[in-house]
Peer 1: 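Please read through the structure below; I'll follow up with questions.
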Amino acid sequence: MTVRVGVIGAGWIGKEHIQRLTHTVTGAQVTAVTDIDPARAAEAAEPVGARVLPDGAAVVAADDVDAVLVTSWGPTHAEHVLNAIAAGKPVFCEKPLATTAEDCLKIVEAERAHGRRLVQVGFMRRYDVGYRQLKQVIDSGRIGEPLIVHCAHRNPTVPESYTSEMASLDTAVHEVDVLRWLLDDEIVSTQVITPRATSKRFAHLKDPQIILFETAKGVRIDLEVFVNCRYGYDIQCETVGEEGLVRLPDPAAVGVRTAGQHSTEVLTDWVGRFRDAFDTEFREWIAGIAAGQEPTGPSAWDGYAATVITAATVEALESGTVVATEIEPRPAFYGGTA
């Protein structure tokens with residue numbers, strides 16, 4: 001079957017996903033698009049033969065929409081996801097699932113009441129080949145029980161609109177999700193340390209930041225967030241276990257020897273680094289819908305946990321203290337015991 005997708009939000013990432021669903025993913029067709037800017041919606045819809053609809057509610061209700069993709073402004077996500085659940089339609093929501101824990105829990109309760117998983121949250125790192133290899137090694141027990149994880153998330157630069165809080169809410173959120181998944185463990189506390197600031201930042205920004213997480217099983221995680229590193233887009237992750245360690249591989253690149261130097265390219269943006277992961281993410285989402293299966297990717301509960309943890313990390317940044325995340329017990333519906 002062809003899965004007909006309605007897209008809510010035609011900004012940069014929405015347009016990227018429309019093209020991905022049209023030209024890269026088999027078995028998908030974008031049939032409806034909406035955006036707060038009708039001209040932008042038309043610009044995204046016309047090349048793929050989709051209709052422009054007036055708002056998100058119209059997209060969810062459309063007869064020619066089997067599944068919904070939410071790529072609108074973050075504070076609108078909860079409304080659109082709840083509408084999709086009420087309509088019984090699968091919904092893929094780019095992060096954040098919602099901007100408050102309360103709205104996330106409304107989504108969780110609505111999905112539980114529906115009785116079947118419909119929601120997937122757009123944390124693409126779970127679909128990256130390197131991260132999947134990390135997961136296989138950790139789950140196999142080859143390095144023993146994990147003890148420590150060292151991570152870095154570096155961007156060459158950020159615009160002046162980027163704030164210190166966004167280091168948690170927009171940047172570290174990806175590590176939050178992928179580390180919970182890699183370790184099969186929950187983050188229970190967070191702390192932020194601000195070392196000497198780089199002179200390359202805008203004056204209002206605290207950069208770099210070092211975020212320290214502790215999990216329920218006692219694993220300690222240190223995450224360097226450095227968004228003005230200048231040299232490139234660089235994602236690192238190393239898990240140290242009782243009997244060895246496993247490290248995320250760098251993207252494949254040729255080695256060049258010239259002028260007395262040996263060099264390899266460093267990518268400069270997240271689009272190039274995770275393009276294949278995005279493609280795999282959407283291929284698996286569409287294939288699951290076509291097969292009548294529940295989504296297997298990051299769940300509404302994962303979206304809730306990420307929102308709670310990043311909010312606690314912002315509090316830790318502002319207070320200078322260790323902050324407990326205080327995540328609710330995971331319901332059995334999402335693989336927990338509550």
Side-chain angles (χ1 to χ4, degrees), residues 12-13 16 20 24 123-144 146-159 162 166-167 170-179 181-183 193-202 205-213 219-281 283:
W12 187 87
I13 192 66
E16 280 283 302
R20 178 171 284 109
T24 303
F123 290 118
M124 75 294 190
R125 290 198 188 180
R126 298 192 189 195
Y127 298 87
D128 176 72
V129 171
Y131 275 110
R132 287 188 162 184
Q133 290 172 341
L134 277 184
K135 176 72 169 170
Q136 291 170 357
V137 171
I138 293 169
D139 288 351
S140 73
R142 287 175 60 192
I143 64 168
L147 306 174
I148 306 167
V149 184
H150 306 293
C151 298
H153 188 143
R154 304 185 184 114
N155 291 58
T157 188
V158 289
Y162 189 97
M166 291 170 71
D170 286 9
T171 301
V173 64
H174 288 288
E175 275 78 15
V176 165
D177 178 73
V178 82
L179 289 167
W181 172 71
L182 283 174
L183 299 172
I193 297 171
T194 52
R196 177 182 178 181
T198 174
S199 64
K200 307 299 183 181
R201 78 199 192 285
F202 290 103
L205 183 61
K206 295 178 180 177
D207 184 47
Q209 298 178 26
I210 299 173
I211 302 173
L212 305 176
F213 295 125
V219 178
R220 283 289 189 171
I221 300 163
D222 59 83
L223 166 60
E224 170 203 324
V225 177
F226 187 12
V227 295
N228 288 282
C229 79
R230 292 309 199 218
Y231 71 84
Y233 181 77
D234 190 8
I235 302 299
Q236 300 293 326
C237 182
E238 178 181 272
T239 301
V240 181
E242 294 176 310
E243 299 176 17
L245 65 82
V246 59
R247 182 179 295 123
L248 182 71
D250 289 327
V254 297
V256 179
R257 294 173 185 253
T258 183
Q261 294 183 339
H262 181 192
S263 63
T264 56
E265 180 184 9
V266 177
L267 295 175
T268 57
D269 61 49
W270 58 271
V271 180
R273 173 63 178 83
F274 290 110
R275 180 178 288 109
D276 290 345
F278 278 119
D279 292 347
T280 301
E281 177 183 46
R283 285 191 183 104

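In this chain, residues are counted from 1 in sequence order.
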Peer 1: Can you tell me which residue among Arg154, Gln236, His150, Gln209 is in a side-chain hydrogen bond (donor to acceptor under 3.5 Å, both in side chains) with Glu224?
Peer 2: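 Running side-chain hydrogen bond (donor to acceptor under 3.5 Å, both in side chains) over Arg154, Gln236, His150, Gln209 with Glu224 returns exactly one hit, Arg154.
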
Peer 1: Side chains of Arg283 and Arg20: closer than 4.5 Å at any heavy-atom pair?
Peer 2: no

Peer 1: Would a 4.5 Å heavy-atom cut-off, applied to side chains only, mark Leu182 and Cys237 as touching?
Peer 2: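 Of all side-chain heavy-atom pairs linking Cys237 with Leu182, at least one is under 4.5 Å.
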
Peer 1: Over all heavy atoms of both residues, which pair between Ala172 and Leu223 is shortest? Give the atoms and the distance, please.
Peer 2: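 Closest heavy-atom pair between Ala172 and Leu223: CB-CD2, 3.6 Å.
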
Peer 1: Using the six-membered ring wherever Trp is involved, compare the ring planes of His174 and His153 and label them parallel, tilted or perpendicular (cut-offs 30° and 60°).
Peer 2: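 His174 vs His153 ring planes: tilted.
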
Peer 1: Report the C-alpha separation of Asp276 and Val129 in whole Å, then their side-chain angles, then the decisive distance to 0.1 Å, and conclude whether the side-chain contact (heavy atoms from CB on, under 4.5 Å) test is met.
Peer 2: CA-CA 8 Å; Asp276 290 345; Val129 171; over 6 Å; no

Peer 1: Given side chains that start at C-beta, do those of Val158 and Phe202 come closer than 4.5 Å, heavy atoms only?
Peer 2: no

Peer 1: Supply the atom-to-atom distance Phe226 CZ to Thr198 OG1, rounded to the nearest 0.5 angstrom.
Peer 2: 4.5 Å

Peer 1: Within a strict 4.5 Å, meaning less than it, do heavy atoms of the Phe213 and Val149 side chains meet?
Peer 2: no

Peer 1: How far apart are the closest heavy atoms of Leu267 and Pro251, and which atoms are they?
Peer 2: CD1-CG, 3.9 Å

Peer 1: Quick one: CG on Asn228 to OG1 on Thr157, what's the gap to the nearest 0.5 Å?
Peer 2: 4.5 Å

Peer 1: Which atom names give the shortest non-hydrogen contact between Pro208 and Ala197, and what distance separates them?
Peer 2: CD-CA, 4.4 Å

Peer 1: To the nearest 0.5 Å, tell me how far Ile143 CD1 sits from Thr239 OG1.
Peer 2: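 Ile143 atom CD1 to Thr239 atom OG1 measures 5.5 Å (nearest 0.5 Å).
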
Peer 1: Surrounding CZ of Arg132 (heavy atoms of other residues, nucleotides or ligands, distance under 6.0 Å), is the total greater than 12?
Peer 2: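 Counting neighbours around CZ of Arg132, more than 12 heavy atoms of other residues, nucleotides or ligands fall under 6.0 Å, so yes.
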
Peer 1: So, for Pro146 and Val219, which heavy atoms are closest and what is the spacing to 0.1 Å?
Peer 2: O-CG2, 3.5 Å

Peer 1: Which heavy-atom pair separates Arg126 from Val178 by the least distance, and what is that distance?
Peer 2: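 Scanning both residues completely, I find the closest heavy atoms to be N-CG2, 4.4 Å.
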
Peer 1: Side-chain contact, heavy-atom cut-off 4.5 Å: Asp128 with Leu248?
Peer 2: yes

Peer 1: What is the minimum heavy-atom distance between Val266 and Tyr233, and which atoms define it?
Peer 2: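 It is CG1-O, 4.2 Å.
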
Peer 1: Is a salt bridge present between Arg125 and Glu175, judged by a nitrogen-to-oxygen distance below 4.0 Å?
Peer 2: yes

Peer 1: Looking at Arg230, I'd like to know if its CZ atom is crowded, meaning that more than 12 non-hydrogen atoms belonging to other residues, nucleotides or ligands lie closer than 6.0 Å.
Peer 2: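 More than 12 heavy atoms, drawn from other residues, nucleotides or ligands, come within 6.0 Å of this atom.
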
Peer 1: I need the Thr24 OG1 to Phe278 CZ distance, nearest 0.5 Å.
Peer 2: 12.5 Å

Peer 1: Do Asp250 and Thr264 touch side chain to side chain, with heavy atoms closer than 4.5 Å?
Peer 2: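 No - every pair of side-chain heavy atoms lies 4.5 Å or more apart.
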
Peer 1: If you round to the nearest 0.5 Å, how far is CE of Met124 from CZ of Arg273?
Peer 2: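 Going from CZ on Arg273 over to CE on Met124, the span is 9.0 Å.
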
Peer 1: Please report the interatomic distance OH(Tyr131) to CD(Gln136), rounded to the nearest 0.5 Å.
Peer 2: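 With rounding to 0.5 Å, OH (Tyr131) is 15.0 Å from CD (Gln136).
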
Peer 1: By the definition side-chain hydrogen bond (donor to acceptor under 3.5 Å, both in side chains), identify the one residue from Asp207, Asp170, Thr171 that meets it with Tyr162.
Peer 2: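 For Tyr162, the side-chain hydrogen bond (donor to acceptor under 3.5 Å, both in side chains) test succeeds with only one of Asp207, Asp170, Thr171, which is Thr171.
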
